[in-house]
There are 2 protein chains.
Amino acid sequence: MSLFEIRKMSAHLPDPAPRTGGPGSPCSACNVRHLTLCAALDDREVADMSAIVSSVELGPGEPLFDEAEPAKHVFNVTAGAIKIYKLLPDGRRQMTGFLFPGDFLGLANDETYAYSAEAVTFSTLCRFPRKLLEPLLERYPRMERRLLGMASHELAVAQEQMLLLGRKTAREKVASFLLMLSRRAVQRGQKDNPISVPMSRNDIGDFLGLTTETVSRTFTQLKQGGAIALQSNGKVELSDRAALEVISEGA
Amino acid sequence: MSLFEIRKMSAHLPDPAPRTGGPGSPCSACNVRHLTLCAALDDREVADMSAIVSSVELGPGEPLFDEAEPAKHVFNVTAGAIKIYKLLPDGRRQMTGFLFPGDFLGLANDETYAYSAEAVTFSTLCRFPRKLLEPLLERYPRMERRLLGMASHELAVAQEQMLLLGRKTAREKVASFLLMLSRRAVQRGQKDNPISVPMSRNDIGDFLGLTTETVSRTFTQLKQGGAIALQSNGKVELSDRAALEVISEGA
DNA sequence: CCCGGCCATTGATGTAGGTCAAGGACGCCT
DNA sequence: AGGCGTCCTTGACCTACATCAATGGCCGGG
């Protein structure tokens with residue numbers, strides 16, 4: 001598949017919208033506001049940053065980095081969708097997250113990445129050398145505060161996901177997933193209905209601890225129950241959000 | 001159960017040992033080194049801290065705080081074991097972690113706790129008003145750096161747990177759990193074999209996304225396979241660690 | 001010393017979701 | 001236009017784990 005074609009395919013994706021509220025100024029380096037690392041900086045500081053960040057573009061399915069590989073960079077998603085996952089030796093896979101514009105990845109405690117990352121759709125990212133992160137945080141304490149806030153938010157999200165994986169039924173998992181996608185679309189300033197579901201059934205299954213087949217069956221079951229409607233273009237309409245809310249917390 | 005009795009019961013628990021290596025000095029306020037918030041401080045700073053921290057003691061099963069309750073404090077575990085969990089409306093429970101001396105809890109993005117916390121054994125904690133955290137971080141940047149490191153470590157642990165919950169079999173889950181307990185015992189400077197398993201089968205089940213019965217059956221299965229031996233005092237001997245390692249990653 | 005509650009274990013049975021298999025829709029590539 | 005690869009869907013069947021139920025050990029209290 002040519003890069004040109006991929007770009008064309010992705011052309012319908014809305015641009016990341018400017019966020020409303022919150023402190024900080026737009027980041028010219030990565031062209032995303034507020035949810036990003038750079039949102040803690042003012043214009044002059046952003047200009048400094050521009051000198052050391054670079055841009056990355058990935059087509060669907062292209063890897064960004066692999067688990068256990070030396071963690072040379074941190075990234076900020078600026079367009080598209082990224083999946084991050086861990087593997088067992090026999091190939092079983094667990095998605096640990098889907099990342100959208102404004103999301104941050106690559107923060108690692110030790111010298112290697114704790115998970116693999118790969119593009120779902122055509123994506124662009126803002127790349128920053130990890131070596132330079134520590135002095136940067138030293139220099140801009142607001143940035144560190146922001147990073148801590150993001151990490152602690154991620155932690156809460158991870159705990160919610162553990163509840164889902166360990167204790168929810170397939171039906172509850174899928175309903176929760178759709179609502180999560182919808183909420184995150186709103187956060188990014190996109191419309192929340194119908195929602196864009198760019199990842200495959202298999203990816204969704206690996207995120208929810210289910211198989212492709214079970215995800216597919218559950219989608220049709222929710223469709224037949226009138227809670228959702230499947231559109232042809234990879235979009236899902238949440239016809240009855242209240243019903244989904246009820247289902248997601250235990251029918 | 002009288003408090004005196006509880007203390008007596010817990011008397012055999014080894015004291016948190018000083019850690020070797022790493023920066024920082026002992027924290028007289030919470031009496032734990034290095035793995036704690038205060039480990040980033042020098043002696044004078046620790047003395048400042050002592051004025052605003054207080055101590056909490058909990059007997060087995062006593063709650064520390066509940067999910068969604070206003071997050072007034074952050075805590076540092078100094079002795080015992082704490083379980084943190086989330087509930088579904090119908091009572092299904094997912095443990096999101098077990099915390100031991102040196103572990104930190106209560107960091108919340110918004111104004112309420114994201115999970116409930118409760119003592120497993122008789123425990124003591126060092127308590128700190130959350131309102132005072134932000135100015136403190138302002139004042140001691142090393143502390144913030146440490147906190148960020150801890151949050152990012154927690155995040156990696158959470159992702160590993162997602163892999164376990166979503167993709168491992170009961171056998172793999174239990175083997176992974178025992179190895180995790182063992183590794184954390186080493187980190188705290190305790191002996192790693194036999195390991196202390198203070199929580200009930202039910203608690204373990206809720207941590208691993210299994211039922212009490214399945215946990216119990218899996219323990220006996222591992223015992224019969226010679227990988228472990230169950231001692232009477234709530235301790236488990238890891239007779240064949242290599243076998244457990246193999247099992248934990250997919251028999 | 002005996003009683004009662006809690007927890008662990010074990011057995012018998014049920015079931016949600018996995019596995020295996022077969023089409024079908026769609027889009028790309030020639 | 002036709003062929004092919006990928007993904008989605010659906011059906012038939014299977015199994016790992018849940019559920020339901022009974023028993024026994026341990027410990028604390030009377």
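No hydrogens, no waters, no symmetry mates; every other heavy atom, side chains included, goes into these values. Chain identifiers are assigned alphabetically (A, B, ...) following the order of the sequence lines, protein sequences preceding nucleic acid strands; residue numbering begins at 1 within each chain.
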Q) With A:Ser123, which of A:Ile82, A:Thr78, A:Val56 fulfils side-chain contact (heavy atoms from CB on, under 4.5 Å)? A) A:Ile82
Q. Looking across every strand, which nucleic acid part, if any, lies under 4.0 Å from A:Leu230 by heavy atom: base, sugar-phosphate, or nothing?
A. sugar-phosphate
Q) Atom CG of A:Asn202 and atom C1' of C:dT19: how far apart are they, to the nearest Å? A) 14 Å
**Q.** A:Arg167 side chain to B:Gln94 backbone, donor-acceptor under 3.5 Å
**A.** no
(Q) Please check: side-chain N/O of B:Glu249 versus main-chain N/O of B:Val246, any donor-acceptor pairing under 3.5 Å? (A) no
Q: Rounded off to whole Å, could you give me the CZ-to-C1' distance for the B:Phe219 and C:dT10 pair?
A: 16 Å
Q: Round to a whole Å and report the spacing from CD of A:Gln231 to C1' of C:dA25.
A: 17 Å
(Q) Output the rounded distance in Å from NZ (A:Lys173) to C1' (C:dA16). (A) 11 Å
Q: Determine the contact category for B:Ser200: base if any of its heavy atoms lies under 4.0 Å from a base atom, sugar-phosphate if only primed atoms, P, OP1 or OP2 are that close, otherwise nothing.
A: sugar-phosphate
Q) Once you round it to whole Å, what is the distance between C1' of D:dT6 and CG of A:Asp203? A) 13 Å
**Q.** Residue-phosphate contact under 4.0 Å: A:Thr220 side-chain N/O, D:dT10 OP1/OP2
**A.** yes
Q) Whole-Å distance between D:dC7 P and A:Arg201 CZ? A) 12 Å
Q: Measure the shortest side-chain to side-chain distance between A:Met95 and A:Ile84 over non-hydrogen atoms and say whether it is less than 4.5 angstrom.
A: no
Can you name the atoms? Protein N/O to nucleotides 17-19 of chain D N/O, anything below 3.5 Å, with the distance.
from	atom 1	to	atom 2	distance (Å)
D:dC17	OP1	B:Ala170	N	2.8
D:dA18	OP1	B:Thr211	N	3.4
D:dA18	OP2	B:Thr211	N	3.4
D:dA18	OP2	B:Thr211	OG1	3.1
D:dA18	OP2	B:Thr214	OG1	2.3
D:dT19	O4	B:Arg217	NH2	2.7

(Q) Rounding to an integer number of Å, can you tell me how far B:Asn233 CG sits from D:dG25 C1'? (A) 15 Å
(Q) Looking only at the side chains, is there a donor atom on one of B:Ser176 and B:Lys168 sitting less than 3.5 Å from an acceptor on the other? (A) yes
Q | cation_pi(A:Arg184, A:Phe100) dist<6.0 Å, angle<=45 | A | no
Q. In whole angstroms, how far is the P atom of D:dG11 from the CD atom of A:Gln221?
A. 13 Å
